[in-house]
Amino acid sequence: MATIKQVAQAAGVSYTTVSHVLNNTRPVSDAARRAVLAAAQQLHYVPSALARSLRSSSTGTIGLIIPNNTNPYFSEVARGIEDSCYAAGYSVILCNSDDDPVKQRDYLNVLLTKRCDGLILSALADSDGELLRKMKVPAVLLDRAPNDLSIDVVAVDNRAGGVLAARHLLGLGRRRLACIAGPREVSISNDRIAGARSAMADAGLLLAGDLCRHSDFTSAGGYAVALDLLALPEGQRPDALFCCNDLMAFGALRAAAELGIAVPVDLAVVGFDDIDLASFVHPALSSVAQNTRELGHITAACLLARIAAPALPRQQRSIAPALHVRGSSVAATVASSSLTSSPATELMGMTS
């Protein structure tokens, strides 16, 4: 890789003249400017990002840590973040934590040493929050946030989403609702289940303990839990499933198909996230929508505002979910008449 000194030698000018041309820091004669630019192009010179960041105190980079970019929800949100940051002149460094606190801390330290201008984190331990405070790095938490941490947060109203899902299923006349939740320690899953419980309580129903099972946000996990739930004896078997993400709902649809349980006639299924694939499974999956790309845009805008004005008051953005109703949870009469046609899509919203 060519150095700035080699560019100076090829152009027949001084090292400082090359620096002034490339950084536009002082007037230089047209002849010298043309010679420097020609030499830089001929030698394929690439300016040092590290040196530039030391001069300007900005690296033009944003660090993004998510649990798993193979989960379409996170990949779609990450794309929204990347698009907004790129449009604002920033590059995004993406890291996958695999929901491992140690790995997340390691990546956080890496991003801090790279002097990223800002960070977006999908989860944060209290100890990591203390590290961010000491380093004084602009940061935004996406979805999962400790309540006592003074940091910007962008999150979907997960409890409201659980209410939407349960009310919809109860409105179909379903009474034996079961839930496939995420890991016990994940707050967003607990909030979604709390919303479903609340809606059921309003209808005079309880979510029985054995009908709320925890899984791992994967299709395989949802499939395994659904097999157990749907193997319950007649009369105890659920007639509706609320899954705390779409991937687990996909697994539940497969389990129902293998057991010969017709969806939505015998079993209604609702997921959460409304990823792009939700419209392409069969039957198409009803899902609580977060508008993932827009969520990414909002999160990026929040961070960019914090970078531009570090003294801004703490920002807390709560995004209202909406329910997209598709073939997996339509009324039985509609289901019978639509087995050979595409079901209509209904949109229900709730303000936060």
Visitor: Which heavy atom in A165 sits nearest to a heavy atom in V270, and how many Å separate them?
Guide: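 In this case the closest contact between A165 and V270 is CB-CG1, 3.9 Å.
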Visitor: Could you tell me whether a side-chain N or O of D274 sits under 3.5 Å from a main-chain N or O of V288, the two making a donor and an acceptor?
Guide: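 No: the side chain of D274 does not pair with the backbone of V288.
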Visitor: Ignoring hydrogens, what is the shortest heavy-atom contact between R293 and E76? Give both atom names and the distance.
Guide: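 Of all heavy-atom pairs spanning R293 and E76, the closest is CD-O, 3.4 Å.
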Visitor: Is any side-chain heavy atom of L177 closer than 4.5 Å to a side-chain heavy atom of L205?
Guide: no
Visitor: With a 4.5 Å cut-off on side-chain heavy atoms, are L111 and I65 touching?
Guide: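 I65 reaches L111 side chain to side chain.
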Visitor: Regarding D98 and K103, does a basic nitrogen lie under 4.0 Å from an acidic carboxylate oxygen?
Guide: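 Judged by the 4.0 Å cut-off on N to carboxylate O distance, D98 and K103 do form a salt bridge.
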Visitor: Please determine whether side-chain contact (heavy atoms from CB on, under 4.5 Å) holds for the pair I151 and V140, giving the CA-CA distance in whole Å, both sets of side-chain angles, and the decisive distance to 0.1 Å.
Guide: CA-CA 7 Å; I151 195 169; V140 175; over 6 Å; no
Visitor: Quick one: are V13 and V18 in side-chain contact, heavy atoms under 4.5 Å?
Guide: yes
Visitor: When you measure from the side chain of N158 to the backbone of V156, do you find a donor-acceptor pair of N or O atoms at a distance under 3.5 Å?
Guide: yes
Visitor: Can any side-chain N or O of S286 pair as donor or acceptor with the backbone N or O of V325 at less than 3.5 Å?
Guide: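 Looks like no, no N/O pair under 3.5 Å.
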Visitor: Are L295 and Y73 close enough, and set up right, to give a side-chain contact (heavy atoms from CB on, under 4.5 Å), and what steps lead you there?
Guide: CA-CA 11 Å; L295 183 61; Y73 164 74; 3.4 Å; yes
Visitor: In the structure I gave you, are the side-chain heavy atoms of F217 and L247 within less than 4.5 Å of one another anywhere?
Guide: no
Visitor: Using modelled atom types only, decide if a donor and an acceptor are shared between the side chain of H214 and the backbone of A181 within a distance under 3.5 Å.
Guide: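 Between the backbone of A181 and the side chain of H214 there is no qualifying donor-acceptor contact (under 3.5 Å).
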Visitor: Would a distance-only check, ignoring hydrogens and angles, find a side-chain to backbone donor-acceptor pair under 3.5 Å from S189 to V186?
Guide: no
Visitor: Can you give me the closest heavy-atom contact between S329 and H168, atom names plus distance?
Guide: OG-NE2, 2.7 Å
Visitor: Under 3.5 Å, side chain of R213 to main-chain N/O of I180, donor-acceptor pair present?
Guide: no
Visitor: Should C95 and V110 count as side-chain neighbours, where that means a heavy-atom distance under 4.5 Å?
Guide: no
Visitor: How far does CG of D239 sit from CG of D266, to the nearest 0.5 angstrom?
Guide: 9.5 Å
Visitor: Quick one, L170 with R175, criterion side-chain contact (heavy atoms from CB on, under 4.5 Å). Give me CA distance, side-chain angles, the key distance, then yes/no.
Guide: CA-CA 6 Å; L170 294 171; R175 289 297 178 267; 3.8 Å; yes
Visitor: Any side-chain heavy atom of L119 sitting closer than 4.5 Å to one from L108?
Guide: yes
Visitor: Could you pull out the closest heavy-atom pair between R167 and A199, with the gap in Å?
Guide: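 The answer is CG-CB, 3.9 Å.
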Visitor: Flag the pair L232 / L211 as yes when at least one side-chain heavy-atom distance between them is below 4.5 Å, and no otherwise.
Guide: yes
Visitor: To the closest 0.5 Å, what do you measure between CZ (F280) and CD1 (I275)?
Guide: 11.5 Å
Visitor: For R79, look at atom CZ and say whether over 12 heavy atoms of other residues, nucleotides or ligands are found less than 6.0 Å away.
Guide: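 No, not enclosed.
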Visitor: Would you give the length of the straight line joining atom NE2 of H297 to atom SG of C302, rounded to the nearest 0.5 angstrom?
Guide: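 These two atoms lie 15.0 Å from each other.
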Visitor: Please confirm whether the backbone N or O of T61 pairs with a side-chain atom of S91, one donor and one acceptor, at under 3.5 Å?
Guide: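 Side chain of S91 to backbone of T61, a donor-acceptor pair under 3.5 Å: no, none is there.
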Visitor: Rounded to the nearest 0.5 Å, what separation is found between the CE atom of M200 and the CG atom of L207?
Guide: 5.0 Å
Visitor: Check whether F242 forms a cation-pi arrangement with R192 (NZ or CZ under 6.0 Å from the six-membered ring centre, at most 45° off the ring normal).
Guide: no
Visitor: Can you tell me if R176 has over 12 outside heavy atoms packed within less than 6.0 Å of its CZ?
Guide: yes
Visitor: Please report the interatomic distance CG(L285) to CZ(F272), rounded to the nearest 0.5 Å.
Guide: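 The CZ atom of F272 is 12.5 Å from CG of L285, to the nearest 0.5 Å.
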Visitor: Could you walk me through whether D246 and L277 pass the side-chain contact (heavy atoms from CB on, under 4.5 Å) check?
Guide: CA-CA 9 Å; D246 287 346; L277 289 174; over 6 Å; no
Visitor: Let's go through D152 and R306 carefully: what are the C-alpha distance in whole Å and the side-chain angles of both, what is the deciding distance for salt bridge (charged side-chain N to carboxylate O under 4.0 Å, His left out) to 0.1 Å, and is it a yes or a no?
Guide: CA-CA 8 Å; D152 296 335; R306 172 62 59 197; 2.8 Å; yes
Visitor: Measure from the side-chain N and O atoms of R317 to the backbone N and O of V153, and report whether any donor-acceptor pair falls under 3.5 Å.
Guide: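 Side chain of R317 to backbone of V153: no pair is present.
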Visitor: Between S75 and N69, do the side chains contain a donor N or O and an acceptor N or O under 3.5 Å apart?
Guide: no
Visitor: Return the CG to SG distance between L206 and C212, rounded to the nearest 0.5 Å.
Guide: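 One gets 12.5 Å once the value is rounded to the nearest 0.5 Å.
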Visitor: With a 4.5 Å heavy-atom cut-off, do V269 and L253 have their side chains touching?
Guide: yes
Visitor: Looking only at heavy atoms, which two atoms of V36 and V7 are closest? And how far apart?
Guide: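 Result for this residue pair: O-CG1, 4.0 Å.
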Visitor: Do you know the tightest heavy-atom contact between S122 and F74?
Guide: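 Smallest interatomic distance, heavy atoms only, reads CB-CE2, 4.3 Å.
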Visitor: Any donor and acceptor pair, going by atom type alone, linking the side chain of D157 with main-chain N or O of A320 inside 3.5 Å?
Guide: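 Checking the backbone N and O of A320 against the side chain of D157, no donor-acceptor pair under 3.5 Å is found.
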Visitor: Are M248 and L259 linked, directly or through intermediate hydrophobic residues, by side-chain heavy-atom contacts shorter than 4.5 Å (ILVMFWY only)?
Guide: yes
Visitor: Is it the case that the side chain of S97 and the backbone of Q104 share a donor-acceptor pair, with hydrogens and angles ignored and the cut-off at 3.5 Å?
Guide: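 Here the side-chain-to-backbone pair does not exist.
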